[in-house]
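Computation of the quantities below employed the complete heavy-atom set of this structure, encompassing side-chain atoms and omitting hydrogens, waters and symmetry-equivalent molecules.
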Amino acid sequence: AQESVKKYGDYSNLYFEFLNKVAVKVQKEYPGLLLTAYSYTNADTPPVGIKIEPNIVVDIVTKSYLFVIPGNLEQTEARIQAYTDLGAHVMIHDWDFSGITPRSYLPQLATFLQWSKQHGVLGMYTEWSDGESWYLDGAKYWILMQLMSDPYQDVELLWKTYCDDMYGAGSEAMYRLFSNFRDVYMYAPGRIDFGDMPRQEPTLYGLEELAYERGLLEKAQAETKNDP
């Protein structure tokens, strides 16, 4: 086992050699049954020199919040393509968590979903932050749901539709609020260190920026004060 790790740099070859053996036995006893397997942590690269059995679906863990970093989207697509080139069926397990502020990168995510559909990806599961984050990220998750059904929809029109339906007379102010958060996040690479999570997000917003966002919230509140 250690020789394999030394040779290939991680556990992917060991992992898929084992899975292939299980898949062959399963195929004989339960034809039509699919096995799912993660591509993650210390087995997150395609194995070298191994064809993956056709009844295995590789659930590839992605971090779409990194798509704003130049080249990251293309690297993710190349990794997925490498698995399909080995014969694997593929689905996506995406980290779509919120941060201190909304992380909005929906045009990039729409592009990724379009590419995934064109390259035979079976589906997508997304991890997201619920509960207290919904008040800021509800729009993003609603739009993501729409894009997972049809990734060719117009993202900006979906934003406007959400704001119109949710905020009524306060729609324009809230649209501008979300747009400003999005624009700041788009330029976050180069201003903060992303690492496994962009934990330095609070440093993206100075007092003037926060005052602007608060002003938009107060404007929307005033415009909807008579709306139950």
Side-chain angles (χ1 to χ4, degrees), residues 60-80 92-116 124-148 151-167 170-221:
I60 299 178
V61 176
T62 60
K63 299 178 180 180
S64 61
Y65 64 82
L66 298 177
F67 286 171
V68 296
I69 299 175
N72 185 275
L73 173 60
E74 291 76 12
Q75 291 172 8
T76 301
E77 291 173 347
R79 178 173 161 231
I80 294 169
I92 304 300
H93 182 124
D94 186 53
W95 283 19
D96 201 73
F97 299 115
S98 63
I100 303 300
T101 62
R103 295 175 185 156
S104 178
Y105 41 87
L106 289 164
Q108 291 82 359
L109 192 48
T111 297
F112 175 61
L113 291 172
Q114 292 167 15
W115 180 93
S116 298
M124 177 178 173
Y125 170 88
T126 182
E127 289 188 49
W128 56 283
S129 305
D130 62 354
E132 70 278 3
S133 298
W134 184 257
Y135 73 105
L136 284 176
D137 278 324
K140 182 179 77 172
Y141 295 135
W142 180 82
I143 295 170
L144 173 59
M145 179 183 69
Q146 303 299 318
L147 292 174
M148 288 171 73
Y152 295 97
Q153 297 182 77
D154 186 311
V155 171
E156 288 307 309
L157 184 57
L158 289 172
W159 269 112
K160 185 178 185 305
T161 299
Y162 180 91
C163 289
D164 286 349
D165 291 347
M166 183 64 72
Y167 303 114
S171 175
E172 182 183 357
M174 293 302 295
Y175 179 86
R176 293 185 185 280
L177 178 139
F178 286 120
S179 296
N180 190 63
F181 274 124
R182 175 195 62 200
D183 293 344
V184 172
Y185 185 72
M186 289 300 298
Y187 287 93
R191 297 179 63 189
I192 63 174
D193 180 17
F194 270 60
D196 63 333
M197 286 279 196
R199 303 179 191 279
Q200 300 165 310
E201 283 176 272
T203 64
L204 296 173
Y205 298 89
L207 293 177
E208 184 177 341
E209 193 81 43
L210 294 174
Y212 173 70
E213 296 285 6
R214 184 177 182 87
L216 290 171
L217 280 173
E218 292 174 347
K219 183 175 187 290
Q221 287 178 323

Nearest heavy atoms of Leu144 and Leu106, plus distance in Å: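 That closest heavy-atom pairing would be N-CD2, 4.4 Å.
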
Considering all heavy atoms, the nearest Gln108-Phe67 contact: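 Where Gln108 meets Phe67 most closely, the heavy atoms are CB-CB, 4.0 Å.
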
Check for me whether the distance between the ring centres of Tyr162 and Tyr141 falls short of 6.0 Å.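 Ring-ring flag for Tyr162/Tyr141: false, centres at least 6.0 Å apart.
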
For Phe178 and Trp159, I'd like to know if the aromatic rings sit close, meaning centre-to-centre distance below 6.0 Å.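 Yes, the ring of Phe178 comes within the 6.0 Å limit of the ring of Trp159, centre to centre.
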
Distance-only, no hydrogens or angles: does the [X] side chain make a donor-acceptor pair with backbone N or O of [Y] under 3.5 Å?
X	Y	value
Gln114	Pro151	yes
Gln200	Asp193	yes
Glu127	Asp96	no
Asp137	Lys140	no
Thr76	Asn72	yes
Ser104	Arg182	no

Show your reasoning for whether salt bridge (charged side-chain N to carboxylate O under 4.0 Å, His left out) applies to Glu74 and Arg79. CA-CA 9 Å; Glu74 291 76 12; Arg79 178 173 161 231; over 6 Å; no

Looking at Glu201 and Arg103, is any side-chain nitrogen of the basic one under 4.0 Å from a carboxylate oxygen of the acidic one?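 Salt bridge present between Arg103 and Glu201.
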
Would you call Lys160-Glu156 a salt bridge at under 4.0 Å N-O?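 A salt bridge is absent here (no side-chain N lies under 4.0 Å from a carboxylate O).
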
Evaluate the side-chain proximity of [Y] to [X]: yes if any heavy-atom separation is below 4.5 Å, no if none is.
X	Y	answer
Ser64	Tyr105	yes
Trp142	Leu158	yes
Leu73	Phe112	yes
Tyr205	Phe181	yes
Glu213	Asn180	yes
Ile92	Ile80	yes
Met174	Leu216	no
Met145	Met148	no

Can you tell me how the ring of His93 sits relative to the ring of Tyr125, calling it parallel under 30°, perpendicular over 60° and tilted otherwise?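 Plane angle between 30° and 60°, so tilted.
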
Relative to each other, are the rings of Phe194 and Tyr185 parallel, tilted or perpendicular (30° and 60° limits)?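 Plane angle between 30° and 60°, so tilted.
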
I need the [X] [atom1] to [Y] [atom2] distance, nearest 0.5 Å.
X	Y	atom1	atom2	value
Trp115	Glu77	CH2	CD	5.0 Å
Leu177	Lys219	CG	NZ	12.0 Å
Thr62	Leu109	OG1	CG	8.5 Å

Taking atom CG as the centre, does Leu157 end up with more than 12 heavy-atom neighbours from other residues, nucleotides or ligands that are less than 6.0 angstrom away?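 For Leu157, atom CG is crowded (more than 12 foreign heavy atoms under 6.0 Å).
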
In terms of heavy-atom contacts, does OH of Tyr152 have more than 12 from other residues, nucleotides or ligands at under 6.0 Å?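 Atom OH in Tyr152 is crowded, with more than 12 foreign heavy atoms closer than 6.0 Å.
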
